[in-house]
Visitor: 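The structure that follows is given in the form of structure tokens.
Start at 1 with the first residue, then count along the sequence. Quick note: numbers below take in every heavy atom, side chains included, and nothing from hydrogens, waters or symmetry partners.
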Amino acid sequence: SQAFTGSQAFYNMTAGFEWYAQREKEWYSRFSLVGSASLIKESSSSFQGTQTENNITEFSLGANWHPGNLPSMTNSLIPYILVAANFSMLNSRYKPGLENPTGDEVNANGTGSGFAIGGGFKYYLTRGFGARLWADYYIRNETYKEDGTIPAFNKTVSGPRIFLSLGYRF
């Protein structure tokens with residue numbers, strides 16, 4: 001019987017902003033600019049002892065369209081549609097387990113880019129505190145440059161995501 005130790009973790013810590021026009025009678029008042037910076041970590045161990053870890057720093061910039069209530073409303077549900085582009089810096093690490101006990105640990109750095117499209121709802125109180133719930137379809141194309149032992153490779157990450165966040169409006 002073999003025994004292995006490893007870790008399992010997932011987190012996505014994001015800080016973002018949303019800017020919307022102060023002139024609510026203009027045609028562009030239903031749009032807002034959004035951006036965010038995220039630190040993402042994914043790590044896991046398999047039953048055979050294989051360990052993988054991905055560390056991602058991602059920057060996103062996009063726009064929200066508010067077909068119902070204006071984005072400045074308070075004490076009202078505000079529906080919106082989101083379109084955003086993302087750019088990432090990536091580090092991926094692989095440590096073999098029982099399937100390849102003499103194999104080397106591999107570390108690769110790369111970049112990524114992609115987009116997200118979705119929609120959701122936000123709600124703000126008059127004192128500025130609020131919450132939002134949204135879902136999107138996300139895609140990120142990754143290109144890695146390994147440390148010289150294997151050639152460069154590409155990977156695509158895609159699928160639906162669901163978020164719940166708290167915020168404060170200045």
Side-chain angles (χ1 to χ4, degrees), residues 1-19 32-65 79-123 129-170:
S1 172
Q2 297 270 341
F4 302 99
T5 60
S7 67
Q8 181 169 344
F10 178 83
Y11 67 78
N12 181 339
M13 297 176 54
T14 300
F17 73 89
E18 180 176 21
W19 180 85
S32 61
L33 295 175
V34 293
S36 65
S38 300
L39 298 174
I40 304 166
K41 179 176 183 166
E42 307 162 337
S43 67
S44 65
S45 299
S46 75
F47 72 97
Q48 293 179 324
T50 301
Q51 297 177 24
T52 61
E53 183 176 310
N54 294 304
N55 292 294
I56 304 156
T57 303
E58 182 170 87
F59 300 96
S60 179
L61 186 62
N64 288 340
W65 175 54
Y80 66 96
I81 295 172
L82 163 73
V83 175
N86 57 61
F87 308 94
S88 309
M89 294 173 289
L90 315 156
N91 175 267
S92 186
R93 191 169 24 161
Y94 164 81
K95 184 177 179 184
L98 189 59
E99 88 289 352
N100 187 9
T102 60
D104 294 327
E105 185 173 323
V106 179
N107 192 35
N109 293 308
T111 58
S113 63
F115 68 91
I117 185 167
F121 297 93
K122 52 190 163 182
Y123 188 92
F129 293 100
R132 62 177 68 206
L133 173 67
W134 78 96
D136 65 21
Y137 183 81
Y138 175 83
I139 188 165
R140 182 177 66 237
N141 296 306
E142 302 176 352
T143 301
Y144 288 91
K145 295 175 225 153
E146 209 274 322
D147 62 7
T149 59
I150 62 173
F153 58 97
N154 300 319
K155 178 175 93 170
T156 299
V157 176
S158 64
R161 305 182 301 176
I162 299 173
F163 289 94
L164 173 64
S165 69
L166 301 175
Y168 183 77
R169 182 185 291 176
F170 296 96

Visitor: Give me the atom names and distance for the closest heavy-atom approach of Leu82 to Asn64.
Guide: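 Heavy atoms only, the tightest pair is CD1-OD1, 3.2 Å.
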Visitor: What distance do Asn55 atom CG and Asn91 atom CG have between them, rounded to the nearest 0.5 Å?
Guide: 5.5 Å
Visitor: Compile the donor-acceptor pairs under 3.5 Å between side chains in residues 162-170 and protein atoms, sequence neighbours left out, one pair per line.
Guide:
unit_1	atom_1	unit_2	atom_2	d
Arg169	NE	Tyr20	OH	3.3
Arg169	NH1	Ser72	O	3.0
Arg169	NH1	Met73	O	3.3
Arg169	NH2	Pro71	O	2.9

Visitor: Locate the shortest heavy-atom distance separating Ser60 from Ala84; write the atom from each residue and the value.
Guide: OG-CB, 3.6 Å
Visitor: Using modelled atom types only, decide if a donor and an acceptor are shared between the side chain of Asn141 and the backbone of Gly114 within a distance under 3.5 Å.
Guide: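 No.
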Visitor: Look up atom CD1 in Ile56 and atom OG in Ser88, then write down how far apart they are to the nearest 0.5 Å.
Guide: 6.5 Å
Visitor: Do the charged groups of Glu53 and Arg93 touch, with an N to O distance under 4.0 Å?
Guide: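 Between Arg93 and Glu53 there is a salt bridge, with a charged N closer than 4.0 Å to a carboxylate O.
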Visitor: To the nearest 0.5 Å, what is the distance between CZ on Arg140 and NZ on Lys155?
Guide: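 Going from CZ on Arg140 over to NZ on Lys155, the span is 7.0 Å.
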Visitor: Could you check if a side-chain atom of Leu90 sits within less than 4.5 angstrom of a side-chain atom of Tyr144, using non-hydrogen atoms only?
Guide: yes
Visitor: Is the shortest side-chain heavy-atom distance between Thr156 and Ile139 below 4.5 Å?
Guide: yes
Visitor: Apply side chain to side chain donor-acceptor pair (under 3.5 Å) to Ser36 and list each qualifying residue two or more places apart in sequence or on a separate chain.
Guide: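 In terms of side chain to side chain donor-acceptor pair (under 3.5 Å), with neighbours along the sequence ignored, Ser36 is linked to no residue.
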Visitor: Where is the tightest heavy-atom contact between Asn86 and Ala116, given as atom of each residue plus distance?
Guide: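 What the structure gives for the nearest pair is ND2-N, 4.5 Å.
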Visitor: Give, for atom OH of Tyr94 and atom OG1 of Thr50, the distance between the pair rounded to the nearest 0.5 Å.
Guide: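 Rounded to the nearest 0.5 Å, the OH-OG1 separation comes to 4.5 Å.
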Visitor: Which heavy atom of Pro160 sits nearest to which heavy atom of Tyr137, and what is that distance?
Guide: N-CD1, 4.0 Å
Visitor: Is Lys122 close enough and on-axis enough to Tyr80, meaning under 6.0 Å and within 45°, for cation-pi?
Guide: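 Geometry flag: set, cation within 6.0 Å and 45°.
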Visitor: Keeping Ser45 on the side-chain end and Gly49 on the backbone end, is there a donor-acceptor pair under 3.5 Å?
Guide: no
Visitor: Give, for atom CD1 of Ile81 and atom CH2 of Trp65, the distance between the pair rounded to the nearest 0.5 Å.
Guide: 5.0 Å
Visitor: For the CZ atom on Phe47, are there more than 12 heavy atoms of other groups (residues, nucleotides or ligands in this structure) within a distance under 6.0 Å?
Guide: no
Visitor: What's the separation between atom CG in Leu33 and atom CG in Leu61, rounded to the nearest 0.5 Å?
Guide: 7.0 Å
Visitor: Ser38: which residues meet the side chain to side chain donor-acceptor pair (under 3.5 Å) condition with it, sequence neighbours left out?
Guide: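 Thr14.
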Visitor: As a quick check of understanding, evaluate side chain to side chain contact (heavy atoms under 4.5 Å, CB included) for Ser158 and Tyr138, giving each step before the final call.
Guide: CA-CA 5 Å; Ser158 64; Tyr138 175 83; over 6 Å; no
Visitor: Report yes if the side chains of Glu142 and Val157 come closer than 4.5 Å at any heavy-atom pair, otherwise no.
Guide: yes
Visitor: Examine the side chains of Glu18 and Ser32 and answer whether a donor and an acceptor come within less than 3.5 Å of each other.
Guide: yes
Visitor: With a 6.0 Å cut-off on the ring centroids, do Phe87 and Phe59 count as close?
Guide: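 No, ring centres 6.0 Å or more apart.
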Visitor: Any idea which heavy atoms bring Ala63 and Val34 closest together, and the distance?
Guide: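 Closest approach of Ala63 to Val34: N-CG2, 3.8 Å.
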